[in-house]
Amino acid sequence: MDNDKILSIISNELEHSSFRDSDVYNVQIPLAYYLGLPNGTEIEGRSTITSTDVADAIEWIMPQIMKSFTHNNEIVVFDPVHEGDEKQADLESEYVYDVLMKQNEGFICLHQFIKDALMQRNGILKIYYEEEDDVKTESYSGLNEIQVQMLAAQENVDILSMSQDVDEMGMLVFSVKVSITEKKGKVCVESVPIEQFRLNSDHNSISLEKARFTAHIVRKTISELIEEGYDKDILDDLATSDDNLNDYRFQDQNEVTNWASGYASLDKSLRLVTLVEAYMYMDANEDGIAEYVKICAAGNENIPTHILAIDEIDYSPWIGTTPILMSHKFQGLSVFDRLKQIQDQKTSLWRNIMDNMYLQNNQRMLIVNGQVNIDDLLVSRPGGIIRTDSLDAVMPLQTPQIGPVAFDMMRYLDEVRGGRSGVSPEGAATQNNIGNKVGSEGVDRLMTAKEELVGLIVRVISETGIKPACIKIRDLLCKHIDAIQDFKFRGQWVKVNPAQWSSRSRCTVRVGTGTGDNRAKLGAIRELLGLQQQIISMPGQALLKPENVYKTLDDFYKFSAILRPSFAA
């Protein structure tokens, strides 16, 4: 298939994809609500205060979710596939978590991933293997000719300069300066802003594994693209990119994002161009079967003009999640979707309350025309005078107080907000803030329901985002890492070689459905430990083995978030 035809197909997919130009506005609105920006209903001379219910709910939810994913260093565990595989499965689980959280900026990636989902419906992770050259320069002196030849024969060594001399023994010796290139690779986990992502609009699943078309739109400098191995001659023909899809994130907070274009004219390596990384099914070799390919194109973000590379690949790098699933759709619902109406209503109430208070302090006046100095009347200050021709020429126009009705409505809307989001300023429901409305069993049910609403969001993000991310990280490790790695596992250093790991696709999410879930499990584990203590003290008992007690203690440390000691399994 010729390049023009390929570019035409990519342009057509971009034109009809989700999150394109016409959809960017839809991701800007949630951020504006989060920041409490004016919503366009302001009236000059009236209150412009804005409620921030969307931001409040998101910031109340975030600590609970992040704690669920980071407090016990265990989100997803791989299941053993045969007897005796338990320790290896645990090793792989901890190693994958280490790659996610330590070899990458795991906390930052997860925070951005989750916050994007809570605010803008979907969070996007890009997981891929990246190999880069680590070049260092070294100098050697006093080498004989054979040593120089051995040095030059190494594939990763290039001689930069060489000089010769004669030593004290009259022997010919050489001084050389060489560059040594070492290939280093790692599994990369990157959080991608939703406005940089493209997806075929008819995709009907939260999983992106089988999506027909996905793309990453990003601006890069000519220097960065040359380092990635693209043809410099093609790059020189590309138009400079002036648009940045991320600008609204800065502008909404009054930050300037102007690129110093003058530098690009002085140093062409700093010129910015738009790169389109498209992942799609295409019959590029025209054999009648569509292959999954990665096509790197450049030019306009909607109509790329040049193809930089085409590679057949065997996996999709994308992971997507959403806090509230909508059946048979990629885009779900966000906290913004649930609370937009509440924030608008509370904003309107707040403004009316503030306007009422302003009018109470600065009342409107009835005057007799021609008997009052208007300039005095228009200046409102404590103790100010108003010049009149008669005592009854000025009369205050009484403004009735809104009273407790408005505040009762505000409290009601706060209750609705808590019901829709599962969080409130008081945190989880407690007996103190429930009062005497329900009995003890009802208190337990109410607390559980409130906690489980946020807990379900945690579970959905775990199942749709974190679980497939861990599986993808493991698959990339098995495919690309064939060197032995040192890894500290349960307090002991072990040798790890992912290339030798056996096939494993089943795993279990170890995240509960709410803050009360761990407390309930911890209480049950304590009771179990007590029973095991009684049983194991019985002479001749055959019910318990040391492995059973070890497993119970291991679970106790996991759910209590206490640093686990090094147990001997």
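This chain uses plain numbering: 1 for the first residue, then up along the sequence.
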Where does the angle between the aromatic ring planes of Phe197 and Trp318 fall among parallel (under 30°), tilted (30 to 60°) and perpendicular (over 60°)? perpendicular
Pairwise distance CE(Met62) to CD1(Ile65) - rounded to 0.5 angstrom: 6.5 Å
Taking the side chain as every heavy atom from C-beta outward, state whether Ile43 and Arg351 have any atom pair closer than 4.5 Å. no
Under 3.5 Å, side chain of Glu42 to main-chain N/O of Gly40, donor-acceptor pair present? yes
Is there a side-chain contact between Val423 and Leu453, using heavy atoms and a 4.5 Å cut-off? no
Between Lys268 and Asp236, does any NZ, NE, NH1 or NH2 come within less than 4.0 Å of an OD or OE carboxylate oxygen? no
Please test Ile206 against Asn122 for side-chain contact (heavy atoms from CB on, under 4.5 Å), starting from the C-alpha separation and ending with a verdict. CA-CA 9 Å; Ile206 187 61; Asn122 290 98; 3.9 Å; yes
Just checking, is any N or O donor in the side chain of Lys294 or Tyr128 under 3.5 Å from an acceptor N or O on the other one? no
How long is the straight-line distance from CD1 of Ile386 back to CD1 of Ile374, given to the nearest 0.5 Å? 9.5 Å
Can you check whether Phe213's main-chain N or O pairs, donor with acceptor, with Asn200's side chain at less than 3.5 Å? yes
Do Gln343 and Phe336 make a side-chain contact, defined as non-hydrogen atoms from C-beta onward lying under 4.5 Å apart? no
Hey, does Leu31 have a side-chain heavy atom less than 4.5 Å from the side chain of Leu35? yes
Determine yes or no for a side-chain-to-main-chain donor-acceptor pair under 3.5 angstrom, with His203 supplying the side chain and Ser205 the backbone. yes
Please say whether more than 12 non-hydrogen atoms of neighbouring residues, nucleotides or ligands are located less than 6.0 Å from CD in Glu105. no
Can you tell me if Arg417 uses its side chain to pair, donor with acceptor, with the backbone of Asp53 under 3.5 Å? no
What do the steps show when you test Ser191 against Leu125 for side-chain contact (heavy atoms from CB on, under 4.5 Å), and what is the final call? CA-CA 5 Å; Ser191 175; Leu125 286 181; 4.3 Å; yes
Inspect the contact between Asp344 and Lys340 and indicate whether a charged nitrogen and a carboxylate oxygen are less than 4.0 angstrom apart. yes
Return the minimal non-hydrogen interatomic distance between Ser269 and Thr221, and the atom names on each side. O-CB, 3.5 Å
On a heavy-atom basis, the closest approach of Pro468 and Ser462 is CD-O, 4.2 Å
Point-to-point distance, once rounded to the nearest 0.5 Å, from CZ of Phe69 to CD1 of Ile461: 5.5 Å
With heavy-atom distances below 4.5 Å as the criterion, would you say the side chains of Phe330 and Leu208 are in contact? yes
For Ser47 and Asp355, the nearest pair of non-hydrogen atoms, with its separation, is N-OD1, 2.8 Å
Side chain to side chain, Val218 and Glu277, heavy atoms closer than 4.5 Å: no
Asp202 CG to Asn204 CG distance, which is reported to the nearest 0.5 Å: 7.5 Å
May I ask you to check whether Gln371 and Ser390 show a side-chain donor-acceptor distance below 3.5 Å? yes
On a heavy-atom basis, the closest approach of Gln28 and Asp252 is O-OD2, 4.4 Å
For the backbone of Leu14 and the side chain of Ser17, can you confirm whether one donor and one acceptor N or O come within less than 3.5 Å of each other? yes
For Leu397 and Gln363, run side-chain contact (heavy atoms from CB on, under 4.5 Å): C-alpha distance rounded to whole Å, both residues' side-chain angles, the deciding distance at 0.1 Å, then the answer. CA-CA 6 Å; Leu397 179 63; Gln363 294 179 327; over 6 Å; no
Distance from Glu227 atom CD to Leu225 atom CG, nearest 0.5 Å? 9.5 Å
If you define the side chain from C-beta out and look only at heavy atoms, does anything of Tyr281 sit under 4.5 Å from Lys210? yes
Give a yes or no on whether the backbone of Arg387 and the side-chain of Asn373 come within a donor-acceptor separation of less than 3.5 Å. no
Sub-3.5 Å donor-acceptor pair from the side chain of Asn352 to the main-chain atoms of Ser348, do we have one? yes
Show the nearest heavy-atom pair for residues Val276 and Ala215, with the distance to one decimal. CG1-CB, 4.4 Å
Shortest non-hydrogen contact from Gln120 to Pro30? CG-CB, 4.2 Å
Under 3.5 Å, side chain of Ser201 to main-chain N/O of His16, donor-acceptor pair present? yes
Verify, without hydrogens or angle tests, whether Thr388 (side chain) and Val372 (backbone) share a donor-acceptor contact under 3.5 angstrom. no
Arg198 and Glu15 ion-paired at < 4.0 Å: no
Ignoring hydrogens and geometry beyond distance, is a side-chain donor-acceptor pair present between Glu59 and Tyr34 at under 3.5 Å? yes
For the backbone of Leu325 and the side chain of Thr322, can you confirm whether one donor and one acceptor N or O come within less than 3.5 Å of each other? no
The criterion is salt bridge (charged side-chain N to carboxylate O under 4.0 Å, His left out); which residues satisfy it with Glu209, sequence neighbours excluded? Lys472
Identify whether the distance between the nearest side-chain nitrogen and carboxylate oxygen of Asp414 and Lys346 falls below 4.0 Å. yes
side-chain contact (heavy atoms from CB on, under 4.5 Å) evaluation trace for Ile9 with Met280: CA-CA 10 Å; Ile9 293 173; Met280 59 192 302; 3.6 Å; yes
Nearest 0.5 Å, please: how far is CD1 in Ile466 from CD1 in Ile471? 12.0 Å
With a cut-off of 6.0 Å (strictly less than), are more than 12 heavy atoms of other residues, nucleotides or ligands near CE of Met326? no
Tell me, do Asn300 and Thr274 make a side-chain contact under 4.5 Å, heavy atoms counted? no
